[in-house]
Each structure stands twice: as structure tokens, then as C-alpha cells.
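Bear in mind that the values here come from a model prediction, so they are computed numbers and not experimental data. Numbering starts at 1 and runs along the sequence shown. Just so you know, ligand 1 is whichever comes first in the structure, and atom 1 is the first atom listed for that ligand.
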Amino acid sequence: MTMLSNLTPIPELYVSYDSAQKLKVEAGDLKSLDLTPRQICDLELLMNGGFNPLKGFLSEADYNGVVDNMRLADGQLWPMPITLDVSDAFAEKLELGEDIALRDQEGVILATMTVTDRWEPNKSREAEKVFGADDSAHPAVNYLHNTAGKIYLGGPVTGIQQPVHYDFRGRRDTPNELRAYFRKLGWRRIVAFQTRNPLHRAHQELTFRAAKEAQANLLIHPVVGMTKPGDVDHFTRVRCYEAVLDKYPAATTTMSLLNLAMRMAGPREAVWHGLIRANHGCTHFIVGRDHAGPGKNSAGEDFYGPYDAQDLYRANQSEIGCEMVDFKHMVYVQERAQYEPNDEIADKDDVTVLNISGTELRRRLAEGLEIPEWFSFPEVVKELRRTKPPRSQQGFTVFFTGFSGSGKSTIANALMVKLMEMGGRPVTLLDGDIVRKNLSSELGFSKEHRDLNIRRIGYVASEITKNGGIAICAPIAPYATTRRAVREDVEAYGAFVEVHVATTIEECERRDRKGLYKLAREGKIKEFTGISDPYDVPEGSELRIETENVDVDNCAHQVLLKLEQMGLIGLS
Ligand code: PPS
């Protein structure tokens, strides 16, 4: 009997162990690129065959085909641009045909790449075509414009070694390792479940049903590379998944961790996920409502229709090589004490249908409220509560922004003292002037330097927040994209409260407490915010404070009320 094609080994890009040792030494002489976390994820899946048929980062011709019609230059289906973005300065140093070394963030050489292509992509076009809109509310579009380098390099990759992971090593498998595992267990039909969230009872029910329907074994295949900013961290999630694994009938189900960097590209992402699962030896793939959805666009609407992903998947299913099992929306029927697919409940008017949305769950966790047994497993809830204590016990960051002399520092100081009077959590003030003395003494006021300054403040604030403290920041922070980046850094660990101190430039200049506006007007200080340098007025700040005719105590009190309203402190 011939072996099923989903179980035979697929090509990898690694060279043999001996060649790798040699190549590692030789690669010491090459120009090298320290990869970003997202590029490391992409490289791992390129090298281990997870992105088969790709043999490296996309060439310009492949990129154009993928962007335009989801196809490589040779016609094969591939929906996602896997590109190596670099800075102008790095790209300029290279000759076409040159080999470069690709390193991880500690400088370990993971691979070499022959640079066959170098081009400046039209990022707006990529955003429109791949993500459906050139709208920075989409996390991947934001990444494209504000994190990714300006130039793309393409070319074949030679794999030297896998990126190192110290966590959950036994749970990470390459496509060939999973194929070998399925072979060993005699699993011929395997349905994969993709997830970036903790699993609750509804997920357990639906995955188990999907497996029964497809007459397949089940692979829980969570993404642990990069998911949507703000998601539950993967350490917590994996501990939750391990608890849920015990709930499936013995030997029907397994779990493996996928070091994928998601793009949240909805329909295209679903097709991509299917191809990746086919490479991992799966025959079936569960696609749900709003698969890999990025949330709302800047007009407050969904980027994609709820079933666009299923439609695009279905249209490409034969080429993907992994059959779709569509996701049933499972709800709990109280009278029968069980989960049922929402669309199969005939007596809907006579029974009580219960459901807790993701938003409601987050609210209950944040406020320390009850999470019922019918909704999740006690072990899962315990894990979630352990990493997400109620908001009143978590760290958070208050980030003031406004013109020089707007009153940021004064209000920040008053707020700090009030918070210290309340006690409970350590408070650190990262005031603009203090930071420039201690963290950023070498920096000036160019856009680049201001961004560096704010990113440093954001980094420190996120560390403080992670460790349960309160960080109060009070820089000008004139650029909206930089403020957003800091927000994302902090929100990985706790709340970010942006306070716009909205004193007008005229009022700041009239006050001119430090005499700087006069100097700026005389041209003695260049690039002065509001006079000769831009300030993006914040939109969507948690709080906006007017300072004219309001005393400092009152302004600080407004912040305290906001913090109380957000559940971050208790005022009694
Ligand atoms: S930024 O843009 O956020 O990095 O600025 P920040 O670190 O908050 O520093 C602002 C303080 O530096 C003084 N200063 C200037 N501000 C703006 N533009 C120019 N060119 C400039 N040169 C010096 C000014 O006193 C700011 O103090 P604050 O506390 O905002 O009044």
C-alpha cells in the first residue's frame, strides 16, 4: 500500500548537520541581518516546510503575483506575502547575488539567503489588495507602514538551524515531526483547529463534533508566534490548553504549538492557514465565523464579512489540499445542560440559550466576577485569573500628552502624590524632562529622536506595568503612530490610559513658563512643537483635560475618576 501523501515527508530548507557547521563558520564573513520577531517566525516556517512550496523570502515577481491574485509567479496558490523587509541603509549596502546571514535577536546565525531581488514595494497597494483596506486600524497594515522596513529583499534561503525555543519544547513540532507522529499512531484523517485564544467548553464541544463529522482525529494547533496585540499571552494559553486536552476521549486528540506570526488577514489568512495545516499533515481544517478577523476598521465597521473566509477557502479548497469543516456556533442550552449548534436548536423559543461573549468574559475577569461552570473548565478559569488578576490589582500606565507648558508635568506630579497617598502599588513618574536627563540625554528633537525617546519611555512603562506598578509618563509625544506603538507595548501587560492635556498653543505661549516659546519665535530653538514642529492632536484618548481656569488639583482628580471608572483603582 502506498503511503498517504499527507504523511510522507515534505521538503525542508535545512542543510545536513555537517554542512550547517561549516556554513555557520563561513557565514561569519557575510553581511548580516538581525531579524525582527516576525521575520524569525516566518523564517522558521520557511525552513521547516510549514510554508512549502516557498523556498525563501518572495522574489519581486512572486510578490506581485501573490499581492494581485494570490499566486506565485509559477501559478501555485499562495495568499500571503512572505517578504524580508529591511531599511534603506541595509539594502543599499548589498549587491544582487550576494549571500547574507540571517540572525536571531541574540546574533545566532539561523540561515543564509542569496539576495536575488531588491525592490521598494507599494505598501498602500499591498494593504488594499492583501488586507482589503489601507487602514492602519488593521494590525498588519499598521505593521506594514510603521514597523516594516522600506525595502524588500527576496531570494532562496539555506537553513542552518531552527530558532531556539526554551518554552514548551516538547509541544513544538515541525511539519515532518507531526507527519511522523500521525504515521506512528496510524492517524490517516486529521482535522486541525487553529486558535489564538484560550479554549472553553464551547470550543471543546465544537472541535470534538468537527472530528466526529470528519471521522478524523483532532489536532489542536494553537498559534504561539505572534497573534493580535492584546491577546492572552501564549504561556498562559498553553497551560489552559493542556488542561482542556484531558477532556477529550483518550488517544483521539493531540496538541502541537505553531510558531506562526499571524497577520489577521481574514479570508486570505484562512487560505494560508489551510496550506500550512496541509503541510503539517492535516486533511481537514476548521474555519469559523470571522476567521482571523482583525476587529473593526477606523470607521467602526468589520474589515471582512463574517463568512468571507469560509467562502474564499471553499473556492480554493481543492488546491489547498485540506478540506474545510465549517465551524458551528455552539451555545449552551440550560434546560438540557449541554452545548448544541445554534442553528440546530428547533425549540429555540421554549429553551434558555446561554452564551458569554469574549468581551463579556474579559469584563468578568477584569472585575473579578463569577465565570460559570457551564462556560469554562475550572482549571482554565484558574489559570486566567492567575495571570489576569482583577484590574484593581494589575499594573497600568497613565500617559499624558500635550504641548510644552500645557501642564502635563504639574498634573502628573499631583496625580503621583494622590496615588501614593492611596497606596497599594508602587508609582513611577517618567516626566519629559527627567527622562531626557536620565534615559535620553543624547537625544535632540528631530522626529527620529523624539520617537526613540517615546519608545524608551514606552518600554520602561510596559515593564513597570508588567510588574504590577503604576507608570505615569508626561512627554510631549507629538506623533500619533508612536503613541499607538507605546499603547500596544503597554497593553500587552495592563491598561494604557492616554490623557490629552489640551491646553491650546496660544495659552501655552502666553504662559511661557520656561521662556522657551519666546526663544522658539526668535528662531533660537529649532523644531519647537506647535511653533515650528508638528503635533498630531490625539483622537480617542481615554481622557481630555482642559486646564484653562481649572486648578491642578481638579485636573488630577479628573484622572483619578477616570481610573476609578476603568476599575483600576477603588475610590472610597
Ligand atoms: S518629545 O517630543 O516627547 O520627545 O519631547 P519631551 O521629551 O517631552 O521633551 C520636551 C521638553 O523639552 C523642552 N524642549 C522642547 N520641546 C519641544 N520642542 C523642542 N524643540 C524643544 N526643545 C526643548 C521643553 O521644555 C519640553 O518640556 P515640557 O515638560 O514638555 O514643557
Below 4.0 angstrom from a heavy atom of [X], which ligand 1 atoms are there? Numbered from 1 as shown, please.
X	result
I454	3 (O)
K408	30 (O)
P478	2 (O), 3 (O)
E527	18 (N), 19 (C), 20 (N)
D433	11 (C), 27 (O), 29 (O)
G405	31 (O)
K526	20 (N)

Proximal candidate to [atom] [heavy atom criterion; set [options]]:
atom	options	result
atom 15 (C) of ligand 1	Y535, F445, F400	F445
atom 9 (O) of ligand 1	H449, R436, K447, R483	R436
atom 25 (O) of ligand 1	I525, V435, T401, L516	L516

> With Y152, which of V86, D85, L84, L58 fulfils side-chain contact (heavy atoms from CB on, under 4.5 Å)?
Replying inline: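 Considering V86, D85, L84, L58, a side-chain contact (heavy atoms from CB on, under 4.5 Å) with Y152 is found only for D85.
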Can you tell me if [X] and [Y] form a side-chain donor-acceptor pair at under 3.5 Å?
X	Y	answer
N146	T481	no
Y535	T401	yes
N64	D68	no
Y241	R237	yes

> Is the shortest distance from a Lys or Arg side-chain nitrogen in D536 or R484 to a carboxylate oxygen in the other one below 4.0 Å?
Replying inline: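 No.
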> Can you tell me the protein heavy atom closest to atom 28 (P) of ligand 1 and the distance?
Replying inline: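 Checked against all protein heavy atoms, atom 28 (P) of ligand 1 sits closest to K514 NZ, 3.4 Å.
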>> Taking the cut-offs as 6.0 angstrom to the six-membered ring centre and 45 degrees off its axis, would you call R38 and Y143 a cation-pi pair?
In response: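 Judged by the rule (NZ or CZ under 6.0 Å from the ring centre, within 45° of its axis), R38 counts as positioned above Y143.
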